[in-house]
Every structure is written in C-alpha cells, then in structure tokens.
K.L.:
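Here it is, the structure in full.
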Amino acid sequence: MASVRTRFAPSPTGYLHIGGARTALFNYLFARHHGGTFILRIEDTDRERSTPQAIEAILQSLKWLELDWDEGPYFQTERFPLYQSRVEWLLKEGRAYPCVCTPAELEAKRQAALKARRKPMYDGTCRPREAHEMAGRAAELRRQGKSFTVRFRAPKEGKTTVDDKIKGVVVFDNGELDDLVLARSDGTPTYNFCVVVDDIDMKITHIIRGDDHLANTPRQILLYQAFEKQPPEFAHVPLILGIDKARLSKRHGATSVMAYKEMGYFPEALVNYLVRLGWSHGDQEIFSRAELIEKFTLEEVGKSAGVFNPEKLLWVNFHYLKSRPLGQLAEEVAPFIAAKGYPVPEKAWLERMIATLRERAKTLVELVDQAHYYLSDEIRWDENAVRKALTPEVKRPLEKLARALAETEPFDEAHIKEAFAKVLGEFGLALGALAQPVRVALTGSTVSPGIYEVIAVLGKKRTLERLEAALEKIP
RNA sequence: GGUCCCAUCGUCUAGCGGUUAGGACACCGGCCUCUCACGUCGGUAACACGGGUUCGAGUCCCGUUGGGACCA
C-alpha cells in the first residue's frame, strides 16, 4: 500500500468543536499509526461565513491538543485556478455540461415535483443525451456572453458502492443521485467538487470524516470515476450526540475545544476522553499518546453515535490531575491563579499547596477555587460553620493550641501533630473536637485537606494570625 | 417526503453462535478517617420488539419500532 495520507478539512465558520476535534484526532492517530502523513486543509470557499478568527481558533485548538499536522494548512480559496482547470477538463471530456436553467425555473420545477410527491431532482433540461454533444457548448455560450452553471453528467443507471471501513458496504442507486452543480454561474466551485479535486491532488489515501458525509460519498466516487482516478478508502465515524440524543450543539453546554482549556481541563484528558467516544480497545480507559498511536485501528471504531458525557470527561481529567508531576501542575495552575486575580505564589510553596488539594479537585479551575484560603488572607466565612464550630467551649483549648504552635519548631506536620496531642490530652478531647474549630478558623469552612497539612502549608505566622482572629469571633 | 446509517446497564463500551452478559463513568452502601476527598470492598442496573435460521442467538437473516444523517 502506498504510504498513508489523511486529512482534516474543517470549514472555518466557527471555533473547533468537540466533534471536529475527534475527527481530527482519528485522522491524526491513523496517520501516525501507519507512519503516514496528516494534512490540514481549510475549506474556506464559503467566503460569507469563513472568518480569519475562526481559522486562528482552529489552529490554536489543534496545537493545544497537540494534533500536529505534517502538511498545510492549505486554503481552498487559494486553489481556485486548480478547480477551474478541472471543470474545464470535465467539460472538454463531456463529463460535465453547461446548464442555463435559471434559479426561478429550477425553483418552479422543484415546487412542482414536491407537489406531485416526487423527489425534487434536476430534470435534465440542459443535459446532453450523448457525452460528445456538448463539446463546444460552453465556449459558444461564453462567446455570446451568457453565464451558466456547470453540472456533472452523472450516470443515471447502475449502482455505486461505498466500501466503508467503518460502516461496511453501502450501496446507492445512481438513479437517486442528482446532476451535481460543480461550478456556479459566477464560476465559483461547489463544496463536493472542491473536496474531490483536493483529495485527488493531495493524494489522500484515507478519508476519515463524520458520517454526515456518508450520503455525499457516492457522488464523490462518481467524480473520481469521471477523473479516471481510484477513490481512496472511506471511513465514516458516527456523530457525537448531546444528552437528549440530538446532535451535539451549543445548547448542550460547552462544545468548543478552547472552552475546555479555559475550564481547566488538560489536553491529554480531552484527547483520552474523545478517543474512547466511538473507539475502544478492550476494557482499557486510559491511554498515553504513544499507546494511542500504537493501538488505534479503524476496525475498533464503533458504528453507532455516542452521547457526550461531561461527567466521564471530568473523571478522566481528574485522573490526569492527580497523577501529574507536581512541578508541572504548579506551572499549569499559575495562569488560573492569576486569572482569578490572586498573586501567583513562589513555586516551591505553590507545589506544597497543590499537593494538599490535588485529590479534591477535578479541574485546574476547581483547584484554584478551593485554594482561596491559601491564596488570600481574606477568609470567606461560612456563617453556619462559624456558629457550629467556634463556640465558647473551645475557646480555651484554641488558646492553648495557639500557644503550643507558637513554640513548635520545626513547623512541620509531625511536630504540629505533637502540639495537638498535648492540648487534646490536657482537655481530654477527641481530635475532631479540636480539628473542626481550627479548620473553620483557618479556612472559614468545615471542609478542607487534613488539618496538619493545612497548618504546615499556611505556616506559623498566618496560622497564629488566623487563630487570633477566630478567637475574637467567639462570644 | 425520498435515500442512507444506527440499536447491549442512565452514559461510554466489551462481546465477533454455547458467557453466572465483562469493564468504566454516574448512583447507592461498607471500610478507612480530624471534615471533605482519595483509596478500597460490595451493590442496583442492559441485550428495543416480533418472526425466522440453528441442537443452541446479544451475536446471522427479515420485518416492526425508535433514534440520527443527508437531499432539498
């Protein structure tokens, strides 16, 4: 087999969404698995809806996910001369023909067909009966200064078979297929035509795309035949659905790749989650990039659409969060701390802080959110917790603990624990009876990491200040 | 409306003619424990329906139903 060449061909009409990212990922993995080439092509022929911002967003998203492409990005708007020359060639060979039907006529015929409950298809008014009949027609029309659309002279008889690597053999009746418009009257080429011209020109061997394109595939295969080219392999991956089984869209929540970056997800986590949505390898859930490249095959891609499940993504993200090297995590969390308006602490201390929280947060945003009492001295008081924990009975033990901690040296977990033990013994208290008030005093709430850890990370000065302040709150 | 695709726990899925139908997320409970988590142990929960083929069907075939895509 010739060396594998795949492509991802997004239209830059918006950000890169979850579904597109998965398509890109499958193309990337398939190419890497076979030691092939992964190509990026921007399908921006719809000038109305394509924007430079969208192009930028797509490139950024792919880079963030580390789906690095080997060729491109190619832009279809820069390739119009190629499309034109291919239109001319088809015209010359009699495989396409000029059509002078006006939009009004076509619309009227369409309505009539609909009314008669027939399939609205082009009726073939301008279609030549024999291929050679129209040979000079286009040139003649041009001489007369008349504009026309160019239609593909598609075979009306027989069947076209798509041997799909995922869906299997799918047969279409050629009689169902229309005489596709290849170029509009202003000369601009149409979507299906550009795709085929580009895929031929770029020597694409495997087209892996959403199964919303499956119905377009027989038309494209017919075009390959008209160009006397062998069609590539096709693999149509099922779509991603929202919780209501409708195609995933904005109303299901965040769908853009960059939104997940901003919400504090890791690119590895998104990739890992996305690859498992529609593909599986036995019971394995977590895959490194190297494993994915080694193990990814089209045979293990499922045929049915899948529902996007944010909770599982969260779990995958949590997996990466808790198993990450602390130093790396510290660097990754810093921008999120800054974004919240906190000063970014010095790295060694930041790592200690993170170590106490990493098993309690599922995203970087959550981590920063839970770190408020480390990052700021303005305690967010949970009034219920204050009322429950900071009672007159604990005033003396708290005072005693403050004194003991003041003398604790070195100020580490082991020695802090000793200070607690001393006070606990003196008042005959269980650990919980002292730990909870201290927890509230230091963090403002009844929920936090282990109390010795919190004290050690906070340090002696801040701990004592907060105990002082809390004692003043006790009636 | 026409054409096409799809169908195993709520969700992602394993299964490729003979299984007590497995795993993961979520959910529920036990343990651990200074709170919350982590961890750990256990539990609830699925082959859409109806016909065939076969000694035997989640698995193969046909239909029905349901969902989805495309064409306009």
Side-chain angles (χ1 to χ4, degrees), chain A residues 106-107 109-111 113-122 159-160 162 164 166-178 180 192 210-219 236-248 272-286 299-319 321-323 355-362 366 370 382 385 388-389 416-417 420-421 424 429-440 442-443 445-455:
Chain A
L106 293 170
E107 180 59 20
K109 283 172 185 168
R110 205 178 74 81
Q111 292 300 336
L114 241 35
K115 214 168 191 174
R117 294 169 53 85
R118 277 182 293 114
K119 191 178 164 69
M121 278 177 63
Y122 181 58
K159 294 176 186 303
T160 298
V162 182
D164 193 272
I166 294 171
K167 302 282 184 176
V169 174
V170 185
V171 181
F172 295 84
D173 207 323
N174 288 345
E176 294 291 336
L177 273 23
D178 219 342
L180 197 69
N192 277 298
D211 75 6
D212 47 340
H213 287 100
L214 183 57
N216 280 331
T217 307
R219 298 169 219 284
H236 286 93
V237 316
L239 296 180
I240 299 178
L241 273 24
I243 195 73
D244 56 359
K245 304 259 186 183
R247 190 180 182 148
L248 193 66
N272 200 136
Y273 174 72
L274 250 21
V275 80
R276 279 286 291 103
L277 185 52
W279 174 84
S280 62
H281 187 77
D283 285 338
Q284 191 171 347
E285 296 287 349
I286 301 295
E299 285 70 34
E300 287 175 316
V301 175
K303 298 169 116 175
S304 54
V307 174
F308 180 74
N309 181 350
E311 282 174 338
K312 183 132 184 189
L313 205 209
L314 215 46
W315 174 79
V316 175
N317 202 63
F318 175 59
H319 168 84
L321 174 37
K322 71 184 181 206
S323 50
T356 72
L357 292 171
R358 64 183 333 189
E359 283 174 353
R360 292 170 169 79
K362 291 187 160 62
E366 269 185 36
Q370 290 178 18
D382 170 350
K388 235 170 62 189
I416 291 164
K417 187 174 180 181
F420 266 74
L424 256 23
L429 291 171
L431 177 54
L434 185 58
Q436 280 305 79
V438 173
R439 175 169 281 117
V440 173
L442 300 182
T443 71
S445 98
T446 54
V447 175
S448 86
I451 196 64
Y452 307 137
E453 296 172 75
V454 172
I455 292 172

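In what follows, every chain begins at residue 1, and chains take the letters A, B, ... in the order their sequences are listed. Model, not experiment: these values are computed from the prediction.
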K.L.:
Using whole Å, report how far CD of Glu285(A) lies from C1' of A26(B).
P.N.:
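Computing the Glu285(A):CD to A26(B):C1' distance gives 13 Å.
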K.L.:
NZ of Lys303(A) versus C1' of G67(B): gap in Å, rounded?
P.N.:
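Taking NZ of Lys303(A) and C1' of G67(B), I get 17 Å after rounding.
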K.L.:
As a test of reading the structure: which of G23(B), C34(B), U3(B) is closest to the side chain of Glu176(A), going by heavy atoms?
P.N.:
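For the Glu176(A) side chain, the nearest candidate turns out to be U3(B).
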K.L.:
Looking at C71(B), which nucleotide sits across from it as a Watson-Crick or G-U wobble partner, both distances under 3.5 angstrom, or is there none?
P.N.:
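Pairing partner: G1(B).
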K.L.:
Any idea how His319(A) and Trp315(A) line up, ring-wise: parallel (<30°), tilted (30 to 60°), or perpendicular (>60°)?
P.N.:
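Ring orientation, 0 to 90° scale: tilted.
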K.L.:
Using the C1' atom as the reference point in each nucleotide, state the distance between A45(B) and A37(B) in Å, no decimals.
P.N.:
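Result for the C1' pair: 26 Å, nearest Å.
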K.L.:
Provide the Watson-Crick or G-U wobble partner of U59(B), both distances under 3.5 Å; none if there is no partner.
P.N.:
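The answer is none; no pair meets the criterion.
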K.L.:
NA contact type, Thr446(A), heavy-atom cut-off 4.0 Å: base, sugar-phosphate, or nothing?
P.N.:
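Here Thr446(A) touches the bases of the nucleic acid.
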K.L.:
When you get a sec, tell me which of C38(B), C12(B), C36(B) is the closest nucleotide to the side chain of Glu359(A)?
P.N.:
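Among C38(B), C12(B), C36(B), the one nearest the side chain of Glu359(A) is C38(B).
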K.L.:
Under 4.0 Å, heavy atoms only, any strand: does Gly278(A) hit a base, just the sugar-phosphate, or nothing?
P.N.:
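Sugar-phosphate contact only.
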K.L.:
Please determine, for the side chain of Arg439(A), which listed nucleotide (C25(B), U3(B), C34(B)) has the closest atom?
P.N.:
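Shortest atom-to-atom distance from the side chain points to C34(B).
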K.L.:
Within the 4.0 Å heavy-atom criterion, would you say Tyr273(A) contacts the bases, only the backbone, or no part of the nucleic acid?
P.N.:
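Nothing, no nucleic acid heavy atom in range.
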K.L.:
Considering every strand shown, what is the Watson-Crick or G-U wobble mate of A21(B) when both distances are under 3.5 Å?
P.N.:
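Answer to the pairing question: none, since A21(B) forms no Watson-Crick or G-U pair.
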K.L.:
Can you tell me how far P in A57(B) sits from the matching atom in G1(B), rounded to whole Å?
P.N.:
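Their P atoms lie roughly 37 Å apart.
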K.L.:
Would you mind telling me which of C4(B), C34(B), A26(B) lies closest to the side-chain atoms of Ala435(A)?
P.N.:
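Shortest atom-to-atom distance from the side chain points to C34(B).
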K.L.:
Heavy atoms from C-beta onward define the side chain here; which of U13(B), G39(B), A69(B) lies closest to that of Lys322(A)?
P.N.:
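For the Lys322(A) side chain, the nearest candidate turns out to be G39(B).
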K.L.:
Using purine N1 to pyrimidine N3 plus N6-O4 or O6-N4 for Watson-Crick, or N1-O2 and O6-N3 for G-U wobble, each under 3.5 Å, what pairs with U65(B)?
P.N.:
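Here U65(B) is engaged in a pair, and the nucleotide opposite it is A7(B).
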K.L.:
If you check every side-chain atom of Ser304(A), which of C6(B), C25(B), A14(B) has the closest atom?
P.N.:
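Given the options C6(B), C25(B), A14(B), the side chain of Ser304(A) is closest to C6(B).
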K.L.:
Does the structure show a Watson-Crick or G-U wobble partner for C34(B), both distances under 3.5 Å? Name it, or say none.
P.N.:
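Paired with C34(B), as far as the under-3.5 Å criterion goes, is no nucleotide at all.
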K.L.:
What nucleotide, of C5(B), C12(B), U11(B), holds the atom closest to the side chain of Lys312(A)?
P.N.:
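My answer, after comparing the listed nucleotides, is C12(B).
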K.L.:
Round to the nearest Å and state the distance from Asp283(A) atom CG to G22(B) atom P.
P.N.:
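Between P of G22(B) and CG of Asp283(A): 11 Å.
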K.L.:
Side chain of Lys245(A): nearest nucleotide among C5(B), C38(B), U11(B)?
P.N.:
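Selected nucleotide: U11(B).
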K.L.:
Ignoring the backbone of Phe318(A), work out which of U11(B), C38(B), G23(B) is nearest its side chain.
P.N.:
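Side chain of Phe318(A) sits closest to C38(B).
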K.L.:
Please work out if Pro449(A) contacts a base, only the sugar-phosphate, or nothing of the nucleic acid, heavy-atom cut-off 4.0 Å.
P.N.:
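Here Pro449(A) touches the bases of the nucleic acid.
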K.L.:
For Leu277(A), which contact category applies under a 4.0 Å heavy-atom criterion: base, sugar-phosphate, or nothing?
P.N.:
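Sugar-phosphate only.
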K.L.:
Return the pairing partner of U53(B) with a 3.5 Å limit on both distances, Watson-Crick or G-U wobble; otherwise return none.
P.N.:
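Because no pair has both required distances under 3.5 Å, U53(B) counts as unpaired.
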K.L.:
With respect to the side chain of Ile451(A), which nucleotide from C34(B), G2(B), G68(B) is positioned closest?
P.N.:
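Looking only at side-chain atoms, Ile451(A) lies closest to C34(B).
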K.L.:
Pairing check on A14(B): which nucleotide meets the Watson-Crick or G-U wobble criteria with it, both distances under 3.5 Å?
P.N.:
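Result: none.
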